[in-house]
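Note: hydrogens, waters and symmetry copies are ignored here, and every other heavy atom, side chains too, is used.
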Amino acid sequence: MVTHVNRYALLAAALVVLSVGLSTKAGPVRAPETLGFSTERLARIDAFMKKAVDDGRLAGVVTLITRRGQEVHFKAYGMQDREAAIPMRTDTIFRIASMTKTPTAIAMMMLLEEGTVLLGDPVSKYIPAFKKTTVAVPPPAGAPAGAPITVVPAKREITIHDVLSKTAGMGYPPRYLQPTYAPLNLHTFYFADKAEPMASVIEQLAKLPFTSQPGEKYENGFATDVAGVVIEKASGMSLDRFFQTRIFAPLKMTDTSFYLPKEKASRLATVYAAQRDGTIKRGEGNGPDAQGEYLDGPRVAFSGGGGLLSTAADYTRMVQLLLNGGELDGVRLLSPKAIQLMLSNQVGDSYDNPGFGQLGFGYGFELTLDPSKAHHLGSPGDFGYRSAYFTRYWGDPAEDLSAIFLAQLANYGGSSDLHYKYRSLVYGALVGPAEAPSAKTRGSR
């Protein structure tokens, strides 16, 4: 059974660094060496990304690295739209899917600090349909396809803690449950085609059997979408309005939203899909594996688990907020204690990323507990997440470092290693401590 308290909480607390925030104020960009990076080694990133584009593994990509809130390396490679010959730009807007989970967790922690919710609150307090739920028991091994499933009552109600830590038992349906979920026409993370609010969809979802018992283990699935609806019910605001007024506007995140304003349509990256022969192909039409309904859809469902669009610079400001212990450029959204809790592993050893080792999960993101077990370069306590559209970010409190990789590739295929290799390239270029910033460069970008 997963417990709330674990031995990584003290480590996470020790690693919260109260550093200078990434600012929108004009100012000189500091030389990488003053921030502990090697210019020569950063050039490896340029060569690597250019080759990935030239080899046809990506149409284009934007990467951004910061340290102590200062820009280290910010580049756009390849094409935003290959067929239309539109170059990728550093302000290109990307669908970030599951990277939406981080602001959803921030929003819930804001409500916690205001005394509006408690992490132990049952979700049914805000969404009564979750008062009594059920769990599917899979057919025994070797059972023929279509064998009946057994449905049993959930052992307890799910809580806000469960939906934030993804231990609610609400995984995306495995094959044996897909016929049961089919009438809802759910595309895992994708709700942009829904002409009804998320609350309506989630209430219907509560009637279907879950994939595991509440609190039993980490499972990627619909839990954070439930959290988004709880935020709406508890705050009395739609999730898009809460995000805009309480998070994005204060942080000066001017290009982050659930649906794209018409005047920004020319900046939206094109979605491609990896093919079996190693090439990529433009996604045709709408739906999760194509261009989606982010511009011309119903604009009604605000998915806390996977609905946002953003840019590298915008999202990095939110990561810096977390690195700073909840404050950025004089705006405080959360206390250091809230960040400490978010950075604490909530799932025991139940989260294993296939092929990439053992990780933890806090509230809204993955955690590196031990780099030797995670099988990647990094620091104990670094945090981040990725998405179905091939975007990824992480923040490293020990180094006061953030990095982001934004591409638009559904069905990663043979390109799935690229953002893991990007991580290696970033840490490979980090060769020393950052110098103290001068008064002229402090907080500038």
Exercise. Are Tyr259 and Asp240 close enough that a side-chain donor and a side-chain acceptor fall under 3.5 Å?
Worked result: no
Problem set entry | Exam field: side chain Asp225 to backbone Gly305, donor-acceptor pair closer than 3.5 Å | yes
For this session: Please check if the side chain of Tyr363 supplies one atom and the backbone of His161 the other of a donor-acceptor pair under 3.5 Å.
Result: no
Exercise. Looking just at side-chain N and O atoms, do Tyr190 and Asp289 make a donor-acceptor pair shorter than 3.5 Å?
Worked result: no
For this session: Apply the test side chain to side chain contact (heavy atoms under 4.5 Å, CB included) to residues Val72 and Val426: give CA-CA distance (whole Å), side-chain angles for both, the deciding distance (0.1 Å), then the verdict.
Result: CA-CA 10 Å; Val72 173; Val426 171; over 6 Å; no
For this session: Say whether, by atom type as modelled, one donor and one acceptor occur between the side chain of Thr100 and the main chain of Gly307 under 3.5 angstrom.
Result: yes
For this session: Return yes if some donor-acceptor pair links the side-chain N/O of Thr279 with the main-chain N/O of Gln275 below 3.5 Å, else return no.
Result: no
Problem set entry | Donor-acceptor contact present, side-chain Tyr77 to main-chain Ala52, <3.5 Å | no
Exercise. Does the Glu327 side chain pair with the main chain of Gly330, one donor and one acceptor, at a distance under 3.5 Å?
Worked result: yes
Problem set entry | Any donor-acceptor N or O pair under 3.5 Å, side chains Asp91, Thr311 | no
For this session: Verify, without hydrogens or angle tests, whether Glu399 (side chain) and Arg67 (backbone) share a donor-acceptor contact under 3.5 angstrom.
Result: no
Exercise. So, Thr92 side chain and Ala269 main chain: donor-acceptor pair closer than 3.5 Å or not?
Worked result: no
Exercise. Heavy atoms, side chains only, cut-off 4.5 Å: are Pro371 and Pro380 in contact?
Worked result: yes
For this session: Report yes if some heavy atom in the side chain of Leu309 is under 4.5 Å from a heavy atom in the side chain of Lys264; otherwise report no.
Result: no
For this session: State whether Asp255 and Arg267 are salt-bridged, where the test is any N-O pair (Lys NZ or Arg NE/NH1/NH2 against Asp/Glu carboxylate O) under 4.0 Å.
Result: yes
Problem set entry | Test side chain to side chain contact (heavy atoms under 4.5 Å, CB included) applied to Val53 and Met88, step by step | CA-CA 11 Å; Val53 171; Met88 188 66 79; over 6 Å; no
Exercise. Would a 4.5 Å heavy-atom cut-off, applied to side chains only, mark Ile160 and Leu118 as touching?
Worked result: no
For this session: Compare all side-chain heavy atoms of Arg82 with those of Ile280 and state whether any distance is below 4.5 angstrom.
Result: yes
Exercise. Which heavy-atom pair separates Pro250 from Leu333 by the least distance, and what is that distance?
Worked result: CB-CD2, 4.3 Å
Exercise. Quick one: do the Glu33 and Thr39 side chains pair a donor with an acceptor below 3.5 Å?
Worked result: yes
Exercise. Between Leu308 and Pro103, is any pair of side-chain heavy atoms under 4.5 Å apart?
Worked result: yes
Problem set entry | Test item: Arg392 side-chain N/O and His419 main-chain N/O as donor-acceptor pair under 3.5 Å | no
Exercise. With a 3.5 Å cut-off and no angle check, do the side chains of Tyr218 and Glu366 form a donor-acceptor pair?
Worked result: no
Exercise. Is there a donor-acceptor pair closer than 3.5 Å between any side-chain N or O of Gln291 and the backbone N or O of Gly283?
Worked result: yes
Problem set entry | Leu406 vs Tyr315 side-chain heavy atoms within contact, under 4.5 Å | no
Exercise. Salt bridge between Arg332 and Glu113, side-chain N to carboxylate O under 4.0 Å?
Worked result: no
Exercise. Do you know which two heavy atoms are closest between Pro173 and Phe222, and how far apart they sit?
Worked result: CD-CE1, 3.8 Å
For this session: Go through the side-chain N and O atoms of Tyr393 and Thr102 and say whether any donor and acceptor fall under 3.5 Å apart.
Result: yes
